[in-house]
Amino acid sequence: MARFLIGKILVRDHPDGRTSGRIVETEAYPPGDASGHAFRGETPARRSLFLRPGHGYVYMAYGSSYCFNVSSEPAGIGAGVLIRALEPLEGIATMQRRRGIETLRDLARGPGRLATALAIERDLDGIDLCVKGPLWLATAALPIDAIAVSVRIGISREAHRLRRFYERGSPYVSGTRRLNAG
DNA sequence: AAGAAGATTCGCT
DNA sequence: GCGAATCTTCTTA
């Protein structure tokens with residue numbers, strides 16, 4: 001699913017208006033991955049990861065940033081895909097205001113930044129992304145060759161695994177040159 | 001009840 | 001590239 005989501009469009013419908021972006025970077029946290037939030041079993045805070053595929057899991061990281069995931073395994077099995085970066089499409093002025101910056105390239109480059117840009121907070125935890133609502137996914141096609149793979153960012157456990165996917169050449173992808181070369 | 005770790009970001013050097 | 005800020009969750013006493 002992490003690979004499948006590259007190129008899809010994440011749409012946020014909010015009283016402020018619509019904001020949306022193309023997903024250009026993801027990371028997989030499959031069942032049994034020691035870095036995954038579902039690794040130690042289901043708890044109230046992690047329950048969304050155990051929902052049917054296509055539900056949102058939102059949590060606060062380091063006290064300052066929200067991160068957004070898409071549940072990826074059948075009900076009862078905990079796993080998810082972290083959305084790490086978007087290419088801004090609609091509502092760019094709104095995103096700029098929420099982020100407090102102008103630079104298009106940095107509006108949604110990074111998991112915490114995209115959550116801020118789209119006003120994704122804990123109230124969206126558990127939402128069904130396959131139904132048009134406050135937050136949903138629109139389909140789009142992308143050539144297989146456009147997707148590259150690398151190790152994941154900011155974790156210590158199972159760090160060598162090739163579970164990060166991104167759009168090759170996109171300036172909206174996070175991480176360093178080394179990680180984006182592939 | 002207290003402490004450590006963590007899927008980050010921003011400002012400086 | 002480095003370190004602080006910040007808070008939720010889980011572990012240990």
Side-chain angles (χ1 to χ4, degrees), chain A residues 1-6 8 10 21 23-51 53-73 77-88 95-127 129 135 137 147-167 171-182:
Chain A
M1 179 179 281
R3 184 188 288 271
F4 167 84
L5 285 173
I6 301 292
K8 304 300 181 292
L10 183 62
I23 296 172
V24 296
E25 181 185 357
T26 62
E27 282 179 355
Y29 291 85
D33 189 315
S35 262
H37 284 194
F39 186 62
R40 292 170 204 288
E42 184 169 355
T43 67
R46 319 293 198 206
R47 101 194 120 73
S48 297
L49 286 174
F50 292 78
L51 298 176
H55 285 74
Y57 163 61
V58 181
Y59 76 97
M60 167 141 306
Y62 297 102
S64 52
S65 309
Y66 286 102
C67 289
F68 169 69
N69 293 244
V70 181
S71 65
S72 58
E73 293 288 332
I77 301 177
V81 173
L82 171 70
I83 308 302
R84 288 197 57 92
L86 303 177
E87 172 185 339
M95 297 193 211
Q96 288 172 321
R97 179 169 49 72
R98 289 178 183 150
R99 290 269 296 114
I101 63 166
E102 298 284 306
T103 319
L104 185 63
R105 183 180 179 131
D106 293 336
L107 280 187
R109 192 168 63 83
R113 291 166 169 181
L114 77 86
T116 300
L118 267 57
I120 295 175
E121 298 181 8
R122 201 79 212 301
D123 59 325
L124 294 176
D125 183 60
I127 194 172
L129 302 165
L135 186 65
L137 280 166
I147 301 173
V149 185
S150 83
V151 297
R152 294 170 293 183
I153 295 174
I155 60 166
S156 53
R157 316 184 65 169
E158 312 223 18
H160 66 289
R161 301 201 184 278
L162 298 176
R163 290 178 176 170
R164 172 173 174 263
F165 301 83
Y166 60 98
E167 185 178 20
Y172 301 101
V173 166
S174 76
T176 64
R177 178 199 249 90
R178 183 186 140 264
L179 287 176
N180 295 334

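Each chain gets a letter, A, B and so on, in the order the sequences are listed, and its residues count up from 1. All figures in this text were calculated on a predicted structure; none of them were measured in a lab.
Once rounded to the nearest 0.5 Å, the distance linking CD of A/Glu25 with CG of A/Leu114 reads 9.5 Å. The line from CD of A/Glu42 to CZ of A/Arg47 is 9.0 Å long, rounded to the nearest 0.5 Å. Put simply, CG on A/Leu86 and CZ on A/Phe68 are 9.0 Å apart, with the number rounded to the nearest 0.5 Å.
Residue-level contact check: A/Arg152 touches neither bases nor backbone, having no heavy atom under 4.0 Å from any strand.
A donor and an acceptor atom, one from each side chain of A/Ser174 and A/Arg84, are located under 3.5 Å apart. A side-chain donor from one of A/Arg164 and A/Ser150 sits under 3.5 Å from a side-chain acceptor of the other. A donor atom on one side chain and an acceptor atom on the other are found under 3.5 Å apart for A/Arg46 and A/Tyr57.
Here the nucleotide nearest the side chain of A/Arg122, chosen from B/dT8, C/dT9, C/dC7, is C/dT9. Residue A/Ser156 has its side chain nearest to B/dG6 when only C/dT9, B/dG6, B/dT8 are considered. Out of C/dC10, B/dC10, B/dT8, the shortest distance to the side chain of A/Ser64 is found at B/dT8. Nearest to the side chain of A/Ile155, among C/dT9, B/dC10, B/dA7, sits B/dA7. Of the candidate nucleotides C/dT11, B/dA7, B/dT9, B/dT9 has the atom nearest to the side chain of A/Ser65. The A/Ala45 side chain lies nearest to C/dT9 when the options are C/dT9, B/dC10, B/dT8. In the set B/dC10, C/dT8, C/dT9, C/dT8 carries the atom at the smallest distance from any side-chain atom of A/Met60. Checking B/dC10, C/dT11, C/dT9 against the side-chain heavy atoms of A/Arg46 singles out C/dT9 as nearest.
The stacking criteria are not both satisfied for A/Tyr62 over the base of C/dA5, which would need a centre-to-centre distance under 5.5 angstrom and an angle between ring planes under 30 degrees.
Regarding A/Leu179, its CG atom lies at a distance of 14 Å from the C1' atom of B/dA7, rounded to whole Å. Whole-Å rounding puts the A/His37 NE2 to C/dT9 P distance at 11 Å. Nucleotide C/dT9 holds its P atom 10 Å from the CG atom of A/Asp125, rounded to whole Å. Computed from coordinates, the A/Tyr57 OH to B/dG6 C1' distance equals 11 Å when rounded to whole Å. In this structure, A/Ile120 atom CD1 and B/dA7 atom P are separated by 18 Å, rounded to whole Å.
A cation-pi geometry, defined here as NZ or CZ lying under 6.0 Å from the six-membered ring centre and within 45° of its normal, does not hold between A/Arg161 and A/Tyr29.
Projected onto DNA chain B by closest heavy-atom contact, A/Leu114 and A/Arg157 fall at different nucleotides, the more 5' of which corresponds to A/Arg157. For the pair A/Ile101 and A/Ser35, nearest-nucleotide mapping onto DNA chain B gives the more 5' position to A/Ser35.
Checking the phosphate oxygens (OP1, OP2) of B/dA7, no side-chain nitrogen or oxygen of A/Arg163 falls inside 4.0 Å.
When base pairs are accepted only as Watson-Crick or G-U wobble with both N-N or N-O distances under 3.5 Å, DNA chain B takes part in stems of 3 or more pairs at B:1-6 with C:7-12, B:8-12 with C:1-5.
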